[in-house]
A.B. asks: 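Below is one structure. I have some questions about it.
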Protein chains: 2
Amino acid sequence: MVRKPARSDVKAAASTRKPNMREAILAAAEELFSTYGFNAVSVRDIAQAAGANPGSVTYHFRTKDGLLLEIYRRHCGPMNRRRSELLAAARRVRDLQDRLEAIVRAYVLPAFTSGSDLAGGGTRFTRLRAIMSAEGNEVVRKIIAQTFDDTSHAFIDAIHESLPHIPRTDLVWRSHFLLGALYYTLVTPERVSRLSRGSADGTDAGHAIEELVRATVAALQAAPLDEGAPRKIPAANPGRVVT
Amino acid sequence: MVRKPARSDVKAAASTRKPNMREAILAAAEELFSTYGFNAVSVRDIAQAAGANPGSVTYHFRTKDGLLLEIYRRHCGPMNRRRSELLAAARRVRDLQDRLEAIVRAYVLPAFTSGSDLAGGGTRFTRLRAIMSAEGNEVVRKIIAQTFDDTSHAFIDAIHESLPHIPRTDLVWRSHFLLGALYYTLVTPERVSRLSRGSADGTDAGHAIEELVRATVAALQAAPLDEGAPRKIPAANPGRVVT
DNA sequence: GTCTATATTCAGATAGAC
DNA sequence: GTCTATCTGAATATAGAC
């Protein structure tokens, strides 16, 4: 995906010792951040991986946060656009059960497939988002609230249309669980492989999607807490637990 | 929990300027790690919060990793013991539906209530575990595989007994999703509050547990992927996505 | 406009004072 | 046995060379 320079004259060669150093830095940063987290990776690590000088990173992106910001800018647009497309298509599905499943799929799929360029770009970026939310990065927190909340609301509303008898609040919780499950699967896929004793491959994104969609659709359809069938109060949990 | 010194003579007072500095360091570290993550917090930060000298931390715990290890040692024992107790009780529930719910509750509850001493200790520790799994800390990875896999297997097996017609592999996926949902709720509770437009409080652990249990029980009971009713191949996902 | 050499602050860990 | 003063290396960001 590196654009070949139009002319390879001396001047151009001199001013770009490595073709598109900026892109190389971005790619290296994305790879390292999504693997080790933001805080664990230094600007020096990134520069080294990209074959650049540490200061070169600062020149292109001002700060380490700026670099992260640019990675988000790259991915958020395409990803949310794809989500909107898929959601619009899902809403046109007639059968209610099928529609709900299509909506969930429309939410999950772009997290894996999206990404402007490389194969696995979407997965890598979503993994990065998972790590960033755990690390509580302040820069990212703002981006998320600004960029993703609209999409999240749109999905919750669409789900609510398919399940009008379930209070919106419950659907918020359940779609929140969906995102948590999605993130966790991308962060520690090897745990699935381990606990299944090899009968499942946690890194198989296609399979993960299917399992996640199936589980989520069932969870969304569950009776809400208020109007559920009367249940015994479990001995283990007599009262509410306070944080 | 701070043991009072048997004698408060001059020598004892001199050797302990602050009572139980070791405990103060542990408490400060747990608080900071579970709030900002492991990599974002420096030994100096911890020392300052505990009113200690940075080197004092190294004396008590050798390394920063050692400090983390000790925090895990403190919590894992009580937590898994409580889980075993609750699981044993749950397995004795006769009604299959109720039993399944009790099992899930036995898994989730100790993540909130456990913790040797302070209120919210369990929640704080589980939040820490969530962050650590995202940061991919190598020290923790080993502890988890050693300490938690037995418990996880026990729970999956118990669930499988309640749902024998569902392949164990699917149950592994679904209980994995449970843990992810639990972690994510502890990591970003404010997102629930935001998306619900204030009608839910993400930090209300009691409510979170109820929502999580309800959703998970439904997810666990869903038809497995293999033998589900025949479904249309969704246009959006013609093939498997490769990571 | 792009990158290298350098400055300054701060990290984790040590060796010796109490 | 416990903690303080200090060392060494690495962090981000700058200011100036190309």
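So you know, we letter chains A, B, ... as the sequences are listed, proteins then strands, and number each from 1.
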A.B. asks: By a strict heavy-atom criterion of less than 4.0 Å, which residues belonging to residues 131-142 of chain A are in contact with DNA chain C?
C.D. replies: none

A.B. asks: If we count only N and O atoms by modelled type, under 3.5 Å, do the side chains of A/S56 and A/N53 hold a donor and an acceptor together?
C.D. replies: no

A.B. asks: Cation over ring, B/R83 on B/Y107, under 6.0 Å and within 45°?
C.D. replies: yes

A.B. asks: Compute whether any side-chain donor of one residue and acceptor of the other, for B/E70 and B/H60, lie under 3.5 angstrom apart.
C.D. replies: no

A.B. asks: Taking only the side-chain nitrogens and oxygens of A/H60, find out if one of them lies under 4.0 Å from OP1 or OP2 of C/dC3.
C.D. replies: yes

A.B. asks: Using distance alone, with no hydrogens and no angle criterion, decide if B/D65 and B/T63 have a side-chain donor and acceptor under 3.5 Å apart.
C.D. replies: no

A.B. asks: Do B/R129's NZ or CZ and the ring of B/F148 fall within the cation-pi criteria of under 6.0 Å and 45°?
C.D. replies: yes

A.B. asks: Could you state the atom-to-atom distance from CD1 of B/I25 to C1' of D/dT2 in whole Å?
C.D. replies: 10 Å

A.B. asks: Between P on C/dC10 and CD1 on B/I46, what's the gap in Å once rounded to a whole number?
C.D. replies: 17 Å

A.B. asks: Answer yes or no: is there a donor N or O on one side and an acceptor on the other, between the side chain of A/N20 and the main chain of A/R22, under 3.5 Å?
C.D. replies: no

A.B. asks: Would the distance check show the side chain of A/R82 and the main-chain N or O of A/P110 forming a donor-acceptor pair, the cut-off being under 3.5 Å?
C.D. replies: no

A.B. asks: Decide side chain to side chain contact (heavy atoms under 4.5 Å, CB included) for A/M132 and A/Y72; before the verdict, give the C-alpha distance in whole Å, the side-chain angles of both, and the deciding distance to 0.1 Å.
C.D. replies: CA-CA 11 Å; A/M132 297 317 303; A/Y72 267 76; 3.4 Å; yes

A.B. asks: Could you encode protein contacts along nucleotides 11-17 of chain C as a string, one character per nucleotide from 5' to 3', using B for base contact, S for sugar-phosphate-only contact and - for no contact, with a heavy-atom cut-off of under 4.0 Å?
C.D. replies: SBBB---

A.B. asks: Counting only heavy atoms and a strict 4.0 angstrom limit, can you tell me which residues of residues 28-35 of chain A come near DNA chain C?
C.D. replies: none

A.B. asks: Looking just at side-chain N and O atoms, do B/T169 and A/S199 make a donor-acceptor pair shorter than 3.5 Å?
C.D. replies: yes

A.B. asks: Take a 6.0 Å sphere around CD of B/E190 and say whether it holds more than 12 heavy atoms from other residues, nucleotides or ligands.
C.D. replies: yes

